[in-house]
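See structure below.
Computed from a prediction, not measured in an experiment: that's the story for all the values here. First listed ligand is number 1; within each ligand, the first listed atom is number 1.
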Amino acid sequence: MRNYPEDIAGVGDERLVGRTALVTGSTSGIGKEAALSLGRLGAHVIVHGRDGEAGSAVVDEIEAGVNEGTAEFVAADFAELEEVSALADATRHAAGDDGLDLLLNNAGGYFRDARLTDLGVEYTFHVNHLAPYQLTAELLDDLTDDARVVTTSSEAHRGDRIDLDAVESVDDFSSWGAYQRSKLANAQFAAELARRLRASDREVTSNSFHPGAIPGSGFLRDLPGPLSRVARALGRLPFATTPAEGAATAVYLAVADDVADATGRYFADCREKKPSTEAQDPRAQRRLWERSAELLGIDEPLAALAADEI
Ligand SMILES: NC(=O)c1ccc[n+]([C@@H]2O[C@H](COP(=O)([O-])OP(=O)(O)OC[C@H]3O[C@@H](n4cnc5c(N)ncnc54)[C@H](OP(=O)(O)O)[C@@H]3O)[C@@H](O)[C@H]2O)c1
């Protein structure tokens, strides 16, 4: 029996021919399953990651499908500002005059080591949050009128508030704390983006979701050797959530009619779920938005239009 994300999400009969989707972090895990799913539904999928060989394999699998789905791979390291910009340029080129219909901000991971990127920002915060913020900002004008932006957060977001003064330091670094902070940022980013889009009278939607706990993805690859092998073994157990099951909520939010107007919300298991109080705090969302632009050295995206809304 098929256990594809589109079937789990109840959208297996939808057709996305003529639509363009960018799925970041689709060389592996949840993103790969989401990209394959959108390809099966007929979309043109931009597959992204750093691993060119894995990316080509996903492209080949989409193009070998029986439906009209097509794909191309674009490599970009999310710790590098220029590479994120190059991904935005390549996406713009691929989407052409019709524009980008689906932006799945999924790339990210759990990173064990304390380090700063060249921008001087803690690595996990940069890769998991700042990079998708930058990418989305650069693609805002290329989104179609009814485009959907879907951001992969996690239940791990239920931690502390974000200390925005601490993101440029790795003093007292905790890999779990850094991961939690980045996933809270994903949920706050998605909600703030939704508010600012609404304020600018755009019908583009923005939601975030928790994919489930999926030991069989590449997610825990950065753990020390034996722990990483344990995680992979757990992923093979029959009751473990699979990457395809993890991708179902992403595909649901990207495709399903019943969430066509849903925006600024958080989901799990293809259902709306209440995120943490901090994730819903409009002041925290706004501070994150403003600070992210400051860290990247860019003008605040959708700035003027948000002023009377908040
Ligand atoms: N697995 C879970 O239990 C779980 C639970 C909750 C949330 N999530 C979230 O789900 C998302 C996908 O994770 P996954 O579980 O599918 O893990 P995964 O199999 O490791 O996939 C991660 C993807 O992100 C890309 N990526 C990682 N670092 C990158 C960087 N510096 N620059 C560009 N791309 C990068 C990887 O591409 P390359 O390897 O080609 O660079 C890969 O395609 C993440 O946002 C994660 O936080 C996962």
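Applying the 6.0 Å contact sphere to CG of D113 captures more than 12 heavy atoms from other residues, nucleotides or ligands. In this structure, D163 places its CG atom where more than 12 heavy-atom neighbours from other residues, nucleotides or ligands lie under 6.0 Å away.
Taking the six-membered ring where tryptophan is involved, the planes of F78 and H48 are essentially parallel, since the angle between them stays under 30° and well short of 60°. Between Y123 and F111, the ring planes are perpendicular. Angles over 60° get that label, and only those under 30° would be called parallel.
Listed by chain and residue number, the protein contacts of ligand 1 are G25, S26, T27, S28, G29, I30, H48, G49, R50, D51, A76, D77, F78, N106, A107, G108, F111, Y123, V127, T152, S153, S154, Y179, K183, P211, G212, A213, I214, S217, G218, F219, R221 (heavy atom within 4.0 angstrom).
Using a cutoff of 4.0 Å between basic side-chain nitrogens and carboxylate oxygens, R50 and E83 are not scored as salt-bridged. A salt bridge does not link R287 to E294: none of the charged side-chain nitrogens sits closer than 4.0 Å to a carboxylate oxygen.
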